[in-house]
Amino acid sequence: MYEISLHPVSDAVRKHALIDNDAYLRLYQQSIEQPELFWGEQATSFLTWFKPWDQVHRSDLKKGEAEWFKGGKLNVSYNCIDRHLEQRREQVAIIWEGDNPAESAQVTYGKLHQHVCRLANVLKARGVKKGDRVCIYMPMVPEAAYAMLACSRIGAVHSVVFGGFSPDALRDRILDADCRTVITADEGVRGGKYVPLKKNVDKALKDCPNVSTVVVVERTQGEVEWVEGRDLWYHQALQGASDDCPPEWMDAEDPLFILYTSGSTGKPKGVLHTTGGYLLGAAMTHKYVFDYHEGEVYWCTADVGWVTGHSYIVYGPLANAATTLMFEGVPNYPDASRFWQVIDKHQVNIFYTAPTAIRALMREGEDPVKKTSRSSLRLLGSVGEPINPEAWEWYYNVVGDRRCPIVDTWWQTETGSILITPLPGATSLKPGSATRPFFGVQPVLLDDKGKEIDGAGSGVLAIKASWPSQIRSIYGDHKRMVDTYFAAYPGYYFTGDGARRDEDGYYWITGRVDDVINVSGHRIGTAEVESALVLHDAVAEAAVVGYPHDLKGQGIYAFVTPMKGLEPSDELKKELLALVSKEIGSFAKPELIQWAPGLPKTRSGKIMRRILRKIACNELDNLGDTSTLADPSVVQNLIDKRLNQ
Ligand code: 6R9
């Protein structure tokens, strides 16, 4: 068994930090006992309001209802830009580091304001109004942030779709949110390769007759097709646009964005976040979790297409007038030293990445790290999946030179901001534990009867009280939100994760308890992959499960039953992989496909995934109860033909 070491807060870190353990305990207690007072004060100190709210908070988790700062008026782009201008017009807001190490740029708050206002005016001129949905399908360039902020400035609701999604997946998301406007680029660049974004948009839009505007950022000058009247170049459109665009006064509960994420069943869900509570959650956690001090350079390596990019590249840091670094490339291009070189180049103080990246770089040995200085680094962060203690120790010892605390931050698209995390000046660290709840967060562990577990133990992780950046709805299907998150355990928000609490009250997230697979921090629903596989004429049935993967955390293992009389082949495997890439994106391709003459089913015909999961994970001596199987011989066949990982 791996011996867990305890890393107490060092004196140096504690003295520098905004919050020490006494302050954490005091503020946490206040946040739970006097939430109105606590959150009212935080909302006043972190955000600028045009008009105060009527009531801090009203919620009923049994019904999935939550309102924060209702009646209060504010604007997100104003909070992220305008209010900083007087003092920081010349301060760098965004450092952009290109895929090519020779390319980088700096955007001041003054320039950011100009870009955002101009783009907002362009959108307005194209008829985009408050409440309209705008799809953003962009590479990691500053224009992606401008687009998000321009939407928020005029009250439009953005739906950012990760650039790795296929045209079909993009189309589904555009249609689901009824977006009429798309903002994209000619091509993206990642790891020296070009991603045909505009081409993908053109394909997607064949089935989206309502889209009347496509704004195209010129990134590579690659060849693109053009639809007159619909398409416009970003740089041309901005030239004639005014720098003056008064921010729309939004209610705290007006929608800010939709972000699609995978659940255990059905198609992806458009998670809806609103304005005031979301921005407060993002800003406050950014400041306290990363212990952000004025003037520091902060880098989150996520893509803006995921929630981490929303909250911790764009909204949290900019609301706090930080300097946020945006990286277009990948960790191993041109070589495995890239992250550390970027840290030296831009003197990064705070670095936030995912365990999958750490594991991949750990494989390359210490040399690529050790040839860089990293002396600017002060704090490290981790997000997206559980971090294994070995990777944690490597991150701590090798990357951080035993000097930088690691904040292992647990949260979700639905939570909007970090909920369980160490605070660097307050929390002794245990490698692999997300440690303690953030202010206002009341995690509980529930047993299989839905009862709260006291003290140390394991169970399903749920949250007992509303927090400001909580999910408000699933776009177009509010009932689905209530059913998914609030129906299983009435009075609680159900996270979908399992967790253990130790004797010190620290939380250890053990992974999803539902049919969501976490591949390199990407959430993938088994149902989505299965529906892609069964689209193939040669496939009768498919069942998909996750299994432990050294680098990716989890890999996808697919059991596929071919049509009767059909001989499965490697050719068919290739076609199935291509089909998944087409339907979802290549990041969702199964690592392993096993041909299955039959799938284990109950007598009522339900696939017993529990058994498939055990087979995929090679836990064969403990298959559990198999007495309800309609045909037990099916299982032995799958075990015999099991693919080695
Ligand atoms: C922010 C983000 C959410 C799921 C979540 C959990 C896993 C995220 C984690 C973690 C263990 C951490 N997860 N952070 N598991 N430790 N620090 O990743 O959002 O894409 O919605 O994924 O990711 O399983 O439920 P999202």
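Just follow the structure's listing: the first ligand is 1, and inside any ligand the first atom is 1.
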Which is closest to [atom] by heavy-atom distance: [options]?
atom: atom 2 (C) of ligand 1; options: W508, W411, Y312; result: W411
atom: atom 4 (C) of ligand 1; options: E385, R512, Q554; result: R512
atom: atom 17 (N) of ligand 1; options: T495, D408, D514; result: D408

As an exercise, identify every atom of ligand 1 less than 4.0 angstrom from a heavy atom of [X].
X: N518; result: 7 (C), 23 (O)
X: V307; result: 1 (C), 19 (O)
X: T409; result: 9 (C), 12 (C), 14 (N), 17 (N)
X: V383; result: 1 (C)
X: T308; result: 1 (C)

Closest approach of any protein heavy atom to [atom], naming residue and atom:
atom: atom 23 (O) of ligand 1; result: G384 O, 3.2 Å
atom: atom 22 (O) of ligand 1; result: R523 CD, 3.2 Å
atom: atom 25 (O) of ligand 1; result: D497 OD2, 2.6 Å
atom: atom 11 (C) of ligand 1; result: P386 N, 3.1 Å

### Message
Tell me whether the NZ or CZ atom of K269 lies within the 45° cone about the ring axis of Y260 and under 6.0 Å from its centre.
### Response
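No cation-pi geometry.
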
### Task
Report the residue from K552, R523, R359 that forms a salt bridge (Lys or Arg N to Asp or Glu O under 4.0 Å) with E385.
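With E385 as partner, salt bridge (Lys or Arg N to Asp or Glu O under 4.0 Å) holds for just one option, R359.
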
### Message
Walk me through whether K582 and S166 qualify under side-chain contact (heavy atoms from CB on, under 4.5 Å).
### Response
CA-CA 6 Å; K582 176 175 174 295; S166 68; 5.6 Å; no

### Task
For residues I463 and T495, determine if any side-chain heavy atom of one lies less than 4.5 Å from a side-chain heavy atom of the other.
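Of all side-chain heavy-atom pairs linking T495 with I463, at least one is under 4.5 Å.
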
### Task
Taking atom CZ of R610 as the centre, report whether more than 12 heavy atoms of other residues, nucleotides or ligands fall under 6.0 Å from it.
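Yes, the 6.0 Å shell around CZ holds more than 12 heavy atoms from other groups.
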
Using a strict cut-off of less than 4.0 Å between a Lys/Arg side-chain nitrogen and an Asp/Glu carboxylate oxygen, indicate whether [X] and [Y] qualify as a salt bridge.
X: E65; Y: R472; value: no
X: R436; Y: D504; value: no
X: D447; Y: K449; value: no

### Task
Flag T413 as yes when one of its N or O atoms lies below 3.5 Å from any N or O atom of ligand 1, and as no otherwise.
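N/O-N/O distance under 3.5 Å: yes.
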
### Message
Heavy-atom distances under 4.0 Å decide this one: backbone, side chain, both or neither, for I387 against ligand 1?
### Response
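None of I387 does.
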
### Query
Using a heavy-atom cut-off of under 4.0 Å, does the side chain or the backbone of V516 touch ligand 1, or both, or neither?
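No part of V516 is near ligand 1 at this cut-off.
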
### Query
Is there a heavy atom of A434 sitting under 4.0 angstrom from any atom of ligand 1?
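Contact check A434 vs ligand 1: negative.
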
### Query
If you measure from each heavy atom of W306 to ligand 1, is any distance below 4.0 Å?
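Checking ligand 1 against W306, which is what was asked, there is no heavy-atom contact under 4.0 Å.
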
### Message
Looking at every non-hydrogen atom in both residues, tell me the closest pair between P389 and P431 and how far apart they are.
### Response
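Taking P389 first and P431 second, the nearest heavy atoms are CG-O, 3.9 Å.
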
### S417 side chain vs T285 backbone, donor-acceptor pair below 3.5 Å
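It does not hold such a pair.
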
### Query
In terms of the angle between their ring planes, are H158 and F257 parallel, tilted or perpendicular, with boundaries placed at 30° and 60°?
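Judged by the thresholds at 30° and 60°, the geometry between H158 and F257 is parallel.
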
